[in-house]
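These notes are about the structure you will find just below.
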Amino acid sequence: MPELPEVETIRRDLESVLVGTRITEVEFVHDAGVFRILRRFPSRKVFAREVTGRTIEGVDRRGKYLLFRLGPERILLLHLGMTGQLLFRPVTTAPDRFARVVFRLNGSKLEFADARKFGELYLYRPGHYEAIDLNRLGPEPLSRDLSRAYLSRTFQGRKRAIKAVLLDQSVVAGIGNIYSDEILFAAGIDPRRPAGSLTRKEIDRLYRAITGILTRAVERRGTSARDEWFVDARGRPGGFQAELKVYQRKDDLCPECGETVVRETIGGRSAHFCPRCQK
DNA sequence: ATTGGGACCTGCTCGC
DNA sequence: TGCGAGCAGGTCCCAA
């Protein structure tokens, strides 16, 4: 659910309110320690002790990960999984139904809520062993690191469906199921095509679709579709759902040609596409 | 090595 | 109307 545009929206929201703020208390709600939150970290107690009292100096993003710089010594890494939300609220607001971790900041609080508990929370000491290795992620799609040449090189010889390859975070970081569908539609490429079969021209269209769709989705502050109930740090939905062409539009008519949009499982994930426009 | 599939987790939708 | 089965998705892990 939260893909690059959603995570970037939250990052921007939080950066504007959190930088310079001190974390005064960390509270775990329910049994946050048993699932992925902190799964690879020694303990909740150590985590809380290490985080408390530090000042948030910056909020960065890498792929779908958020990185909070806590002074020069620690980086707090957070992944929203599928249903994670980060809610910035006055400290007096009642906790979210699915709040798992609450960071208290002077007069306000940041809640990490996550119904399905796939979210991850971790704490780094820069330069030390990192259990969650961000270096395995592919290039940031909205940076110079992503290029046509890189895609061409990476796709070469790959038999895997292009849909599955776009979802692979080690190929390009930040694309999930919503945007892979929309990107392939915008590029006019059949999601089932082996990545290695794309021509130079198709890779060019794909590159432009990746940057174009993601940029537009960031401008619209993410997608809040039926099964992807995203909200930003202030609890507001995004606006890109109004621009979805194929995602979750099975049996609707293709906005380009009028053909019926189909849904098919590719690489274990649902893919939506127009069988006429996407070749 | 690359790829596919199941596991994780649980709220919600849909069909009977 | 009520109930239960199955779906949804991001990532990890194991097996082929």
Side-chain angles (χ1 to χ4, degrees), chain A residues 1-8 10 29-41 61-67 77-86 96-101 112-122 130-138 140-141 153-184 191-197 214 217 222-231 237-238 240-241 244 246-251 262-272:
Chain A
M1 160 213 190
E3 307 179 26
L4 186 151
E6 290 75 32
V7 179
E8 177 62 17
I10 290 174
V29 189
H30 309 312
D31 51 344
V34 298
F35 32 90
R36 279 199 184 176
I37 294 175
L38 293 187
R39 199 185 53 178
R40 289 181 273 190
F41 197 78
R61 180 189 57 74
R62 180 75 176 93
K64 301 173 191 171
Y65 289 91
L66 279 172
L67 296 93
L77 181 147
L78 191 150
H79 194 293
L80 296 165
M82 297 194 302
T83 52
Q85 299 181 342
L86 272 177
D96 183 88
R97 180 155 69 119
F98 301 114
R100 308 289 177 191
V101 187
F112 185 10
D114 187 7
R116 277 172 224 171
K117 301 195 261 192
F118 281 177
E120 296 204 49
L121 198 55
Y122 198 75
E130 298 178 353
I132 297 173
D133 181 12
L134 297 179
N135 291 323
R136 72 198 152 78
L137 296 178
E140 277 297 317
R153 200 164 62 232
T154 307
F155 293 166
Q156 193 144 37
R158 290 234 199 175
K159 298 192 177 82
R160 216 173 172 193
I162 183 63
K163 162 81 176 175
V165 172
L166 284 181
L167 288 172
D168 184 339
Q169 301 301 297
S170 71
V171 173
V172 180
I175 298 173
N177 215 32
I178 299 174
Y179 299 108
S180 58
D181 278 355
E182 294 299 312
I183 286 165
L184 287 167
R192 300 165 294 190
R193 290 267 304 281
S197 74
L214 294 179
T223 300
S224 300
R226 202 187 52 190
D227 288 335
E228 336 289 329
W229 194 245
F230 161 75
V231 292
F240 193 73
Q241 61 275 12
L244 294 175
V246 287
Y247 181 76
Q248 273 192 1
R249 292 199 176 281
K250 176 180 183 290
D251 297 336
V262 299
R263 195 193 127 188
E264 195 175 299
T265 300
I266 300 171
R269 299 250 90 98
S270 69
H272 310 75

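Lettering follows sequence order; numbering is per chain, from 1.
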Point to revise | Rounded interatomic separation in angstrom, taking OH from A/Tyr65 and P from C/dC12 | key: 5 Å
Check your understanding: Among B/dG11, C/dG10, C/dC12, which nucleotide sits nearest the side chain of A/Arg136?
Key -> C/dC12
Exercise for review: Determine the interplanar angle of the A/Tyr179 and A/Phe240 rings, folded into 0 to 90°, and report it as parallel if under 30°, tilted if 30 to 60°, perpendicular if over 60°.
Suggested key: tilted
Practice item. Let me know the distance between CZ of A/Arg263 and C1' of C/dG6, rounded to the nearest Å. Key: 11 Å
Study note, to complete from the structure: To the nearest angstrom, the CG-C1' distance between A/Leu167 and C/dT11 comes to 11 Å
Revision key, fill the gap. In terms of heavy-atom contacts, A/Pro2 and A/Gly84 come closest through CG-O, 4.2 Å
Point to revise | A/Arg269 or A/Lys159, whichever maps to the more 5' nucleotide of DNA chain B | key: A/Lys159
Review point. Any ion pair linking A/Arg62 and A/Glu140 (charged N to carboxylate O, less than 4.0 Å)?
Key: yes
Revision key, fill the gap. Looking only at B/dC8, C/dC12, C/dA8, the nucleotide nearest the A/Glu120 side chain is C/dC12
Exercise for review: Choose from C/dT11, C/dG10, B/dT3 the nucleotide whose nearest atom is closest to any side-chain atom of A/Arg158.
Suggested key: B/dT3
Revision key, fill the gap. Scanning both residues in full, the closest heavy-atom pair of A/Asp168 with A/Arg158 reads OD2-NH1, 4.2 Å
Exercise for review: Indicate yes or no for a side-chain donor-acceptor contact from A/Thr83 to the backbone of A/Arg116 under 3.5 Å, with no hydrogens or angles considered.
Suggested key: yes
Practice item. Let me know the distance between CD of A/Gln169 and P of C/dC12, rounded to the nearest Å. Key: 9 Å
Exercise for review: Please tell me which of the listed nucleotides, B/dG11, C/dC12, C/dC7, lies nearest to the side chain of A/Phe98?
Suggested key: B/dG11
Point to revise | Face-to-face contact A/Phe118 to B/dC8 six-ring, under 5.5 Å, under 30° | key: yes
Revision key, fill the gap. Taking B/dG11, C/dC7, C/dG10 as options, the one with an atom nearest any side-chain atom of A/Ala115 is B/dG11
Point to revise | A/Ile178 CD1 - C/dA8 P separation (whole Å) | key: 13 Å
Study note, to complete from the structure: note: A/Asp168, atom CG; B/dA1, atom C1'; distance rounded to Å ~ 13 Å
Study note, to complete from the structure: Between CG of A/Leu134 and P of C/dC12 the distance, given in whole Å, is 10 Å
Review point. Does a side-chain N or O from A/His79 land closer than 4.0 Å to OP1 or OP2 of C/dT11, or not?
Key: yes
Review point. In whole angstroms, how far is the C1' atom of C/dG10 from the NZ atom of A/Lys117?
Key: 17 Å
Review point. For the side chain of A/Arg160 and the base of B/dG4, is some donor closer than 3.5 Å to an acceptor across the two?
Key: no
Point to revise | Nucleotide nearest A/Glu3 (side chain, heavy atoms from C-beta), chosen from C/dC7, C/dG10, C/dC12 | key: C/dG10
